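Working notes, structure below.
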Amino acid sequence: MDDLSQYTIKEIKDKCSKIKVDEDIIEKLAADSRKGVKKLAEKFKREKKKEEELKQKWIKMNKITTKLKNDGHEMICGLDEAGRGPLAGPVVASAVLLDPFQKIIGLDDSKKLSEKKRNKLFTEIKEKALAVGIGIVENDIIDKINIQQASFKAMKKALNKFNFEPDYLLVDGNKEIPEVNISQKAVIDGDEKVNSIAAASIIAKVTRDRIIEKYDNKYPVYGFKSNKGYGTKEHIDALKKYGPTPIHRYSYSVVNKYS
């Protein structure tokens with residue numbers, strides 16, 4: 001960037017918005033006598049720090065996968081589900097095989113991310129991952145086999161979407177998927193510790209949220225758009241007044257109470 005003194009603060013901001021701001025530019029901004037330009041330098045410093053922290057997090061969340069690769073595993077798939085707790089709607093699981101050469105910075109437990117960030121990462125995962133599978137198990141099946149078994153069923157359906165068989169599974173939680181003839185490991189808080197599980201968490205949650213939001217158009221009194229089927233006061237009050245819908249989980253005591 002040229003001599004900053006010839007530009008107004010607004011012009012400097014405009015120029016910075018169109019280029020990659022490196023350390024040299026930040027130093028020039030910090031050396032400028034104007035308070036507004038110095039603030040701009042501080043802003044870029046914070047962004048750089050955050051960016052570096054996220055890069056280090058990517059490396060940290062690759063430790064388990066890297067060890068497995070060193071042990072000879074190649075296609076290591078992360079799995080997670082969304083929708084165990086809600087009173088209505090399906091449980092959705094996702095299986096994700098990430099491309100080791102395509103970093104997706106910012107992966108984390110989907111519940112810790114804003115909706116805007118989740119949606120952005122959802123698109124990025126779909127674009128960069130080597131494979132993404134989604135499995136959906138509806139509420140009537142949940143009622144028949146219970147939510148734990150339904151979650152496993154959804155994970156198996158997600159895996160069946162692949163046109164290949166992974167050689168290792170990393171599953172969020174403390175239980176491995178039963179009756180799957182693939183080496184696997186359950187990872188407690190895996191969506192915070194393993195990139196592929198975090199990616200699966202995001203795919204599963206965004207997919208489920210979009211499904212339940214569509215139901216809001218059909219059953220508006222339950223507030224599905226905001227509560228996503230969870231037992232909020234608004235949701236419980238609607239259950240008391242109107243009773244459950246065909247998408248509610250009747251095996252759940254709160255729903256059964258008002259059926």
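Bear in mind that the values here come from a model prediction, so they are computed numbers and not experimental data.
- Closest approach of Gly223 and Asp216 over heavy atoms only: C-OD1, 3.8 Å.
- Side-chain atoms of Asp172 come within 3.5 Å of backbone atoms of Gly190 as a donor-acceptor pair (strictly under, hydrogens ignored).
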Assess the residue pair Ser251 and Lys144 against the criterion (side chain to side chain contact (heavy atoms under 4.5 Å, CB included)); give the C-alpha distance rounded to whole Å, side-chain angles, the decisive distance to 0.1 Å, and a yes or no. CA-CA 8 Å; Ser251 58; Lys144 288 177 184 175; over 6 Å; no

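- Connection of Ile203 to Phe162 is not established within any shared hydrophobic cluster, with ILVMFWY side chains joined at heavy-atom distances below 4.5 Å, either directly or through further cluster members.
- Electrostatic pairing of Lys241 and Asp237 does not count as a salt bridge here, judged by no charged N lying under 4.0 Å from a carboxylate O.
- Taking the side chain as every heavy atom from C-beta outward, Ser196 and Leu98 approach each other to under 4.5 Å.
- Criterion: ILVMFWY side-chain heavy atoms under 4.5 Å apart, direct or through other members. Under it, Met155 and Val194 are not part of a common hydrophobic cluster.
- Between the NE2 atom in His235 and the NZ atom in Lys240 there is a gap of 12.5 Å [rounded to 0.5 Å].
- Annotation: the span from Glu165 atom CD to Asn160 atom CG amounts to 9.5 Å, rounded to 0.5 Å.
- Within the 4.5 Å cutoff, the side chain of Lys128 has no heavy atoms near those of the Asp99 side chain.
- No more than 12 heavy atoms of other residues, nucleotides or ligands shown are found within 6.0 angstrom of CD on Glu74.
- The CD atom of Gln148 lies 5.0 Å from the NZ atom of Lys175; values are rounded to the nearest 0.5 Å.
- No continuous path of hydrophobic side-chain contacts links Ile142 to Tyr230 [ILVMFWY only; heavy atoms under 4.5 Å].
- Across all their heavy atoms, Asp80 and Ala200 have their closest contact at N-CB, 3.6 Å.
- Distance check, rounded to the nearest 0.5 Å: OH of Tyr219 to OH of Tyr242 gives 15.0 Å.
- Looking at heavy atoms from C-beta onward, Lys111 lies in side-chain contact with Asp191 at the 4.5 angstrom threshold.
- Side-chain atoms of Asp209 and Glu115, non-hydrogen and from C-beta on, never get closer than 4.5 Å to each other.
- Of the possible polar contacts, none joining the Ser201 side chain to the Asp109 backbone as a donor-acceptor pair under 3.5 Å is found.
- When atom types are taken as modelled, the side chain of Arg208 and the backbone of Pro90 share a donor-acceptor pair closer than 3.5 angstrom.
- Evaluated for a side-chain hydrogen bond (donor to acceptor under 3.5 Å, both in side chains) with Glu52, the options Gln56, Lys49, Lys48, Lys55 yield exactly one hit, Gln56.
- In this structure, Leu4 is a member of the same hydrophobic cluster as Val21, with clusters built from ILVMFWY side-chain heavy atoms closer than 4.5 Å.
- Going from atom CG of Leu239 over to atom CG of Asn256 covers 11.0 Å, rounded to the nearest 0.5 Å.
- Under the 4.5 Å side-chain heavy-atom criterion for Ile, Leu, Val, Met, Phe, Trp and Tyr, Ile104 and Val206 are members of the same hydrophobic cluster.
- Within the 3.5 Å criterion, the main-chain N or O of Asn139 finds no donor-acceptor partner in the side chain of Arg249.
- Remark: Lys153 NZ is loosely packed, at most 12 non-hydrogen atoms of other residues, nucleotides or ligands lying under 6.0 Å away.
- Side-chain contact between Gln184 and Ile182: absent, with no pair of heavy atoms (C-beta onward) separated by less than 4.5 Å.
- The only option from Val91, Val92, Ile147 that meets the side-chain contact (heavy atoms from CB on, under 4.5 Å) definition with Val137 turns out to be Val91.
- Distance alone, capped at 3.5 Å, is enough to place a donor-acceptor pair between the Lys38 side chain and the Ala30 backbone.
- Taking every heavy atom of both residues into account, Val255 and Pro244 meet most closely at CG1-CB, 3.7 Å.
- Here the closest non-hydrogen pair linking Asp3 and Gln6 is O-CG, 3.0 Å.
- Expressed to the nearest 0.5 Å, how far CG of Leu107 lies from CD1 of Ile125 amounts to 5.5 Å.
- Leu159 is listed as a side-chain neighbour of Pro166, based on a closest heavy-atom distance under 4.5 Å.
- Other residues, nucleotides and ligands place no more than 12 heavy atoms under 6.0 Å from the NZ atom of Lys185.
- Ion pair Asp14/Lys18 not flagged as a salt bridge, since none of the NZ, NE, NH1 or NH2 atoms sits closer than 4.0 Å to an Asp/Glu carboxylate oxygen.
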Go through Phe44 and Cys16 one step at a time and tell me if the side chain to side chain contact (heavy atoms under 4.5 Å, CB included) criterion holds. CA-CA 10 Å; Phe44 286 124; Cys16 287; 3.6 Å; yes

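- The shortest side-chain heavy-atom distance between Phe224 and Lys228 does not fall under the 4.5 Å cut-off.
- For Thr245 and His248, the side-chain atoms include at least one donor-acceptor pair closer than 3.5 Å.
- Considering Leu169, Val187, Val171, Leu79 in turn, Val187 is the only one that fulfils the side-chain contact (heavy atoms from CB on, under 4.5 Å) rule with Ile197.
- When atom types are taken as modelled, the side chain of Asn62 and the backbone of Thr65 share no donor-acceptor pair closer than 3.5 angstrom.
- Residues Trp58 and Asn195 meet the side-chain proximity criterion, which asks for heavy atoms closer than 4.5 Å.
- Looking only at distances, a side-chain donor or acceptor of Lys161 sits under 3.5 Å from a matching main-chain atom of Ile134.
- Between Lys43 and Glu47 there is a salt bridge, since a side-chain N of the basic residue sits under 4.0 Å from a carboxylate O of the acidic one.
- The heavy-atom pair separating Ala131 from Phe164 by the smallest distance is CB-CE2, 3.7 Å.
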Side chain to side chain contact (heavy atoms under 4.5 Å, CB included) assessment of Ile12 paired with Leu29: CA-CA 9 Å; Ile12 292 171; Leu29 294 170; 3.6 Å; yes

Decide side chain to side chain contact (heavy atoms under 4.5 Å, CB included) for Ser94 and Val132; before the verdict, give the C-alpha distance in whole Å, the side-chain angles of both, and the deciding distance to 0.1 Å. CA-CA 7 Å; Ser94 177; Val132 175; 4.1 Å; yes

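- The two residues Ile25 and Asp22 have their closest heavy-atom pair at N-OD1, 2.9 Å.
- For Gln102 (side chain) and Ala129 (main-chain N/O), no donor-acceptor pair under 3.5 Å exists by modelled atom type.
- Side chain of Glu192 to main chain of Asp189: no donor-acceptor pair is present (N/O by atom type, distance under 3.5 Å, no hydrogens or angles).
- In this structure a side-chain-to-backbone donor-acceptor pair under 3.5 Å is present from Asn146 to Gln149.
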